[in-house]
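Throughout, a chain's letter reflects where its sequence line sits, starting with A, and its residues are numbered from 1.
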Amino acid sequence: MSPPKDLPKNYHFAEVEPRWQGVWRDEDYYFDKKSPLPQFVIDTPPPYPTGTFHIGNAFNWCYIDFIARYKRMQGYNVMFPQGWDCHGLPTEVKVEEIHGITKNDVPREKFREMCRELTLANIGKMRLTLRKLGFSVDWSNEYITMLPEYYKKTQFSFLKMLASGYIYQSEHPVNFCTRCETAIAFAEVAYEPRETHLNYFDFDGVEIATTRPELLAACVAVAVHTEDERYRGISGRHLTVPIFGHQVPVISDEAVDPAFGSGAVMICTFGDKQDVFWWKQHHLDLRKAIDRQGRMTPVAGKYEGQRSGECREAILSDMKELGILKKQEPLEQRVGTCWRCKTPIEIMSERQWFVKIVPDEIMKAAREVKWTPGHMFLRMENWIGQMEWDWCISRQRIFATPIPVWFCKECGTMILPDEKDLPLDPTTKKPDHPCEKCGCAEVIGEEDVLDTWMDSSISVLNVTGWNGTRTPPLFPAQIRPQGHDIIRTWAFYTILRAVALTGKRPWDEILVNGMVLGEDGFKMSKSRGNIITPEEIVEQYGSDAFRQWAAAGAATGSDIMFIWNDVIAASRFQTKLWNVARFILLQLGKKEFNHEAPVTALADCWLLAKLAETVSEVTESMEQYQFDRGLKALREFSWNVLADNYIELVKGRLYSDDPSRDSACRVLWETIDALCRMIAPYAPHFSEEIYSHLKRGSVHTTCWPEPLPCDQEARDTGDLLIRLVSEIRRFKHEQGLALNAPLGKVTLFTPQISEDGGDMARALNATIEWRADTSALEKRPGEIVFNMAVIGPALRKDAKAFMDAVRALPGDLLSNPPAMIDIGGKQVEVPANSFSQQTEYLVGGARVDMITVGDVIVTVQKNP
RNA sequence: GGGCUCGUGGUCUAGCUGGUUAUGACGUCGCCCUUACACGGCGGAGGUCAGGAGUUCGAAUCUCCUCGAGCCCA
């Protein structure tokens with residue numbers, strides 16, 4: 001064992017953190033496929049490579065790193081992979097902006113190349129932030145979804161699901177973003193409040209209320225409620241659509257709300273989801289009035305080519321001219337928008353690719369996963385329970401995984417590639433065999449690409465080594481940590497895909513973290529100007545302080561506000577603990593001590609008991625992912641127990657040559673060692689720095705402290721000792737004495753403590769006498785203290801009467817209570833430990849000050 | 001409109017499988033530079049645990065209602 005080295009006076013995170021980041025080796029965090037240790041695979045969320053790792057990501061990664069470091073210390077073979085979910089529109093838009101082009105100006109492959117280039121540069125920047133924050137990422141398990149080795153798997157999984165019938169092609173109404181010019185899934189629709197108008201107009205004699213007059217050209221029916229008296233007998237008739245002149249049927253349906261608008265509604269293909277429902281149910285025509293770019297089609301006649309907004313105004317003004325527009329009312333509405341660009345979505349019928357959703361099997365797998373916090377499961381349950389449409393996975397974009405299929409130019413038969421030819425882009429590569437049906441060699445490659453969620457929803461299959469079989473080697477993963485904002489997307493799709501491809505749940509448990517709010521309590525956003533970056537926090541207070549904010553700022557699962565004060569508090573805690581460590585090392589270094597010395601002094605036994613309690617508390621917290629509880633227990637122990645009480649109490653002994661000094665030294669050594677280990681997951685640099693002065697080797701390769709049995713008697717007696725010392729200190733303070741001033745003679749009357757190794761005498765600078773008997777004092781019975789935790793459950797309703805009866809007992813019976821007691825004519829048993837009588841003492845004659853601490857009497861005879 | 005979460009000293013927060021005095025941080029006030037630490041120590045003030053009703057011997061904790069906030073979804 002190397003001798004302890006002294007610590008510098010101050011802790012400089014700005015010097016220490018980068019230094020350790022330079023010393024630590026990536027290999028130490030690699031997952032070892034050959035290891036005999038139990039595996040702990042974390043299915044980490046692959047962030048979108050925007051170039052900045054924002055505070056929400058960083059918060060999530062703190063949780064992951066706490067878990068990874070803790071599990072390694074607990075003897076697991078941990079995999080903390082780092083993925084990058086690259087594909088998608090934001091990068092396409094950025095590339096167009098940077099190069100001053102639109103995506104159609106260059107060949108598809110050229111455009112993809114530009115996107116890849118930007119993405120790799122962004123990933124490079126984000127890797128640096130991950131390192132600065134001290135995350136123990138397993139870089140040997142990094143994956144980048146846009147690179148061939150990954151999207152090969154995406155394409156392979158597509159073909160597998162196509163073969164098993166999970167994926168199909170169909171013409172079906174889908175959500176469509178006319179700005180992104182692509183279909184999107186329901187999970188990508190965000191609802192936003194919006195002020196609009198409800199327009200009432202005359203529709204061939206029937207008054208119709210609509211918010212979307214521009215869809216008049218797409219009107220295929222008029223609907224009224226089945227039992228609406230106003231429209232009795234109208235059902236089955238045909239009406240002529242104003243302006244456009246085509247005939248549409250009137251239908252009746254339960255789903256029409258008679259109280260909304262005029263009670264008559266026009267059904268258009270498609271204004272909203274309800275229109276789709278009616279369209280299907282009543283087998284209505286399809287009239288497509290808006291195209292993929294959001295412009296009116298030839299169906300709209302003279303309005304063709306107008307944007308839908310222009311068309312709305314034009315139609316309204318034409319209606320006014322015709323005198324059929326009756327009135328307009330303002331209306332608060334929630335419109336579906338594209339979650340990426342906020343453009344209101346259109347619903348249009350398109351030939352698209354879909355993944356079949358089987359709610360029951362997804363639900364079954366979701367139930368097998370352990371959810372933390374438990375209530376987050378309800379969100380998944382609600383989402384699964386209301387699935388109506390299948391998942392639309394085709395997108396009309398460029399920077400994404402190509403759908404690897406061709407169609408025969410002659411007969412239209414689908415032609416699939418061989419697994420060994422993946423990855424491929426069917427628009428540039430040809431199949432190696434002609435059409436099986438007609439022998440034609442001419443093919444058309446599928447131009448649609450896959451939804452980005454098709455890439456990321458196999459993250460777990462990727463890290464567990466999936467190769468197409470139903471049981472990947474490391475599958476299922478042990479945990480999925482993620483935010484609650486992507487339960488209906490990433491978590492949902494991952495479960496769906498795991499079930500479809502392996503038949504099993506993807507992970508044993510899922511840990512859902514909250515969102516990060518700004519200091520003003522609102523979600524961080526550019527417009528609010530309340531964004532704080534991890535970099536600026538690390539710059540000012542270091543990454544360990546940031547990590548402690550993440551741990552202690554909120555209970556696991558709830559949203560967390562970013563508060564500078566919490567970061568400052570964390571950095572103060574580091575200063576405090578630094579000084580504690582410095583003091584300990586200073587004392588231990590002064591003189592050799594026996595590491596095996598028997599621990600006998602009361603204070604020493606007490607500290608070990610408190611430490612044992614802390615180890616259990618922190619271990620339990622880590623097991624349950626209650627990082628706030630764990631860190632708070634560590635702070636409480638370090639500051640309150642160790643620094644404020646124990647050290648103050650044993651200082652005298654440490655300064656002395658007394659043989660009992662060894663006992664204190666040993667206890668301090670064991671305590672600081674255990675503390676370093678427990679703080680290591682939270683503040684890896686800080687604990688490593690202290691640990692490096694204690695022993696050789698990294699704290700991060702040590703074991704988690706073993707839970708020790710807690711000597712409860714030592715703990716309770718020690719608690720009393722501490723309380724006595726602090727009460728007498730307070731007394732000194734009140735008497736206007738300096739805390740190190742001589743106090744005189746203190747006598748403590750208690751049978752609980754007979755000696756304390758002289759700690760109290762030195763701490764108070766007084767002569768201490770412990771006396772078990774109280775014969776020198778005049779006694780008189782005092783207050784009766786009831787133990788409600790015993791009385792309540794035992795006596796229920798009779799509790800109050802019981803207490804009254806006990807109070808009425810004569811004095812001599814109180815000290816020696818009877819087995820039975822009479823309450824209101826009823827005999828009841830007196831429960832053990834149900835009450836105790838305090839004793840009050842009086843001191844006659846001698847001039848002494850008296851302090852009462854619990855049932856201990858303390859007399860102080862000050863120096864004359 | 002439905003679902004979920006929440007409302008605790010000035011601010012943020014723990015506790016919420018019911019049990020004596022409601023946790024901690026920041027702030028605030030007073031005292032102390034006592035040889036680890038003034039980025040510290042000691043002490044104080046500050047709470048109708050959103051409001052109301054109920055269950056119970058006992059409610060911050062369980063139930064119901066009202067008000068308010070946030071999130072998810074129609």
Side-chain angles (χ1 to χ4, degrees), chain A residues 6-7 9-11 186-187 189-191 257 272-274 334 336 373-383 385-388 483-488 512 514-515 517 519-523 541 545 548-549 552-555 557-587 626 628-629 631-633 635-636 639-640 642-644 647-648 651 654-655 668 726 729-734 736-741 763 765 785-804 835:
Chain A
D6 287 353
L7 261 47
K9 182 148 172 44
N10 292 110
Y11 178 70
F186 259 109
V189 177
Y191 293 84
D257 178 5
D272 58 24
K273 222 167 122 187
Q274 183 62 46
R334 290 180 78 85
H375 68 82
M376 289 296 179
F377 172 70
L378 294 171
R379 293 208 185 180
M380 175 63 79
E381 205 175 24
N382 290 340
W383 178 243
Q386 49 114 68
M387 298 302 315
E388 289 177 49
H484 61 64
D485 54 331
I486 49 176
I487 289 176
R488 65 183 173 138
V512 181
M515 300 290 106
L517 309 175
E519 253 188 317
D520 54 5
F522 290 101
K523 208 169 172 173
Y541 294 98
Q548 288 184 61
W549 157 77
S558 39
D559 290 349
I560 178 171
M561 249 196 254
F562 177 76
I563 301 176
W564 281 107
N565 273 337
D566 282 0
V567 181
I568 294 166
S571 109
R572 283 197 190 160
F573 169 63
Q574 285 176 189
T575 305
K576 183 70 185 181
L577 193 51
W578 180 257
N579 282 300
V580 168
R582 202 157 70 91
F583 175 78
I584 292 175
L585 288 172
L586 195 74
Q587 298 309 322
Q626 294 180 309
D628 60 325
R629 185 156 78 100
L631 183 55
K632 280 170 186 169
R635 285 188 188 172
E636 156 78 18
W639 210 309
N640 243 310
L642 179 59
D644 290 350
I647 287 181
E648 290 306 322
K651 258 181 183 170
L654 288 168
Y655 297 153
L668 281 173
S726 78
R729 273 222 204 119
R730 188 214 297 257
F731 169 81
K732 267 181 113 166
H733 183 259
E734 279 166 3
L737 292 166
L739 290 178
N740 60 347
N765 196 4
V785 179
F786 293 97
N787 186 354
M788 293 313 296
V790 171
I791 296 171
L795 295 155
R796 303 269 155 202
K797 276 191 175 57
D798 296 332
K800 280 209 166 91
F802 171 78
M803 291 192 286
D804 288 340
F835 66 92

So if I take every side-chain heavy atom of A:Thr575 and compare against B:C12, B:A36, B:C39, which nucleotide ends up nearest?
B:C39
Would you say A:Lys651 places a side-chain N or O within less than 4.0 Å of OP1 or OP2 belonging to B:U34?
no
With a 3.5 angstrom cut-off on both distances, give the Watson-Crick or G-U wobble partner of B:G1, or none if there isn't one.
B:C73
Polar-atom pairs under 3.5 Å, protein N or O versus N or O of nucleotides 7-10 of chain B: list them with distances, or write none.
none

Could you give the distance separating B:G15 and B:C62 at their P atoms, to the nearest angstrom?
12 Å
Which nucleotide, B:C42, B:U20, B:C4, lies nearest any side-chain atom of A:Asn787?
B:U20
Determine the interatomic distance between P on B:A59 and the same-named atom on B:A22; round to the nearest Å.
15 Å
With the side chain of A:Ala799 defined as its heavy atoms from C-beta on, choose the nearest nucleotide among B:U5, B:A36, B:C57.
B:C57
Distance from A:Asn382 atom CG to A:Met387 atom CE, nearest 0.5 Å?
12.5 Å
Hey, which of these two, A:Gln587 or A:Glu636, hits RNA chain B nearer its 5' end, going by closest nucleotide?
A:Glu636
Using whole Å, report how far CD of A:Gln574 lies from P of B:G40.
13 Å
Partner nucleotide, any strand, of B:A59 [Watson-Crick/G-U, under 3.5 Å]
none
Please report the distance, rounded to the nearest Å, between CG in A:Leu586 and C1' in B:C37.
12 Å
If you go through the side-chain atoms of A:Lys797, does one of them form a donor-acceptor pair with the base of B:C57 closer than 3.5 Å?
no
Shorter than 3.5 Å, N or O on both sides, protein versus nucleotides 25-32 of chain B: list them out with atom names.
from	atom 1	to	atom 2	distance (Å)
B:C26	OP1	A:Arg572	NH1	3.3
B:C26	O2'	A:Asn565	OD1	3.4
B:C26	O2'	A:Asn565	ND2	2.8

Expressed as a whole number of Å, how far does the P atom of B:U17 sit from that of B:U61?
11 Å
P atom, B:C42 versus B:U34: distance in rounded Å?
15 Å
Given B:A14, B:G70, B:A36, identify the nucleotide with an atom nearest to the side chain of A:Glu648.
B:A36
Between B:A36, B:C4, B:G58, which nucleotide gets closest to the side-chain atoms of A:Arg796?
B:G58
Distance between P atoms of B:A50 and B:C12 (Å, rounded):
14 Å
A:Met788 side chain: which of B:A36, B:A74, B:G19 is closest?
B:G19
For atom CG of A:Asp628 and atom P of B:C12, their distance in whole Å
18 Å
Any A:Tyr655 side-chain N or O less than 4.0 Å from OP1/OP2 of B:A36:
yes
Pair partner, B:C67 [Watson-Crick or wobble, under 3.5 Å]
B:G7
With RNA chain B as reference, determine whether A:Lys632 or A:Gln386 sits nearer its 5' end, using the nearest nucleotide of each.
A:Lys632
With both distances kept under 3.5 Å, what pairs with B:C12, Watson-Crick or G-U wobble?
B:G24
Which label fits A:Phe786 and A:Phe802: parallel for a plane angle under 30°, tilted from 30 to 60°, or perpendicular past 60°?
perpendicular
Looking at A:Asn579 and A:Thr575, would you say the former's side chain and the latter's main chain have a donor-acceptor pair under 3.5 Å?
yes
Among the candidates B:C71, B:C4, B:A36, find the nucleotide nearest to the side-chain atoms of A:Val580.
B:A36
Taking only the P atom of each, what is the distance from B:U66 to B:C4 in whole angstrom?
15 Å
Considering only the C1' atoms, how many Å lie between B:G68 and B:C29, rounded to the nearest integer?
33 Å
Main chain of A:Met515, side chain of A:Asp559: is a donor-acceptor contact present, judged purely on distance under 3.5 Å?
yes
Using atom P of each nucleotide, how far apart are B:A69 and B:C26 to the nearest Å?
32 Å
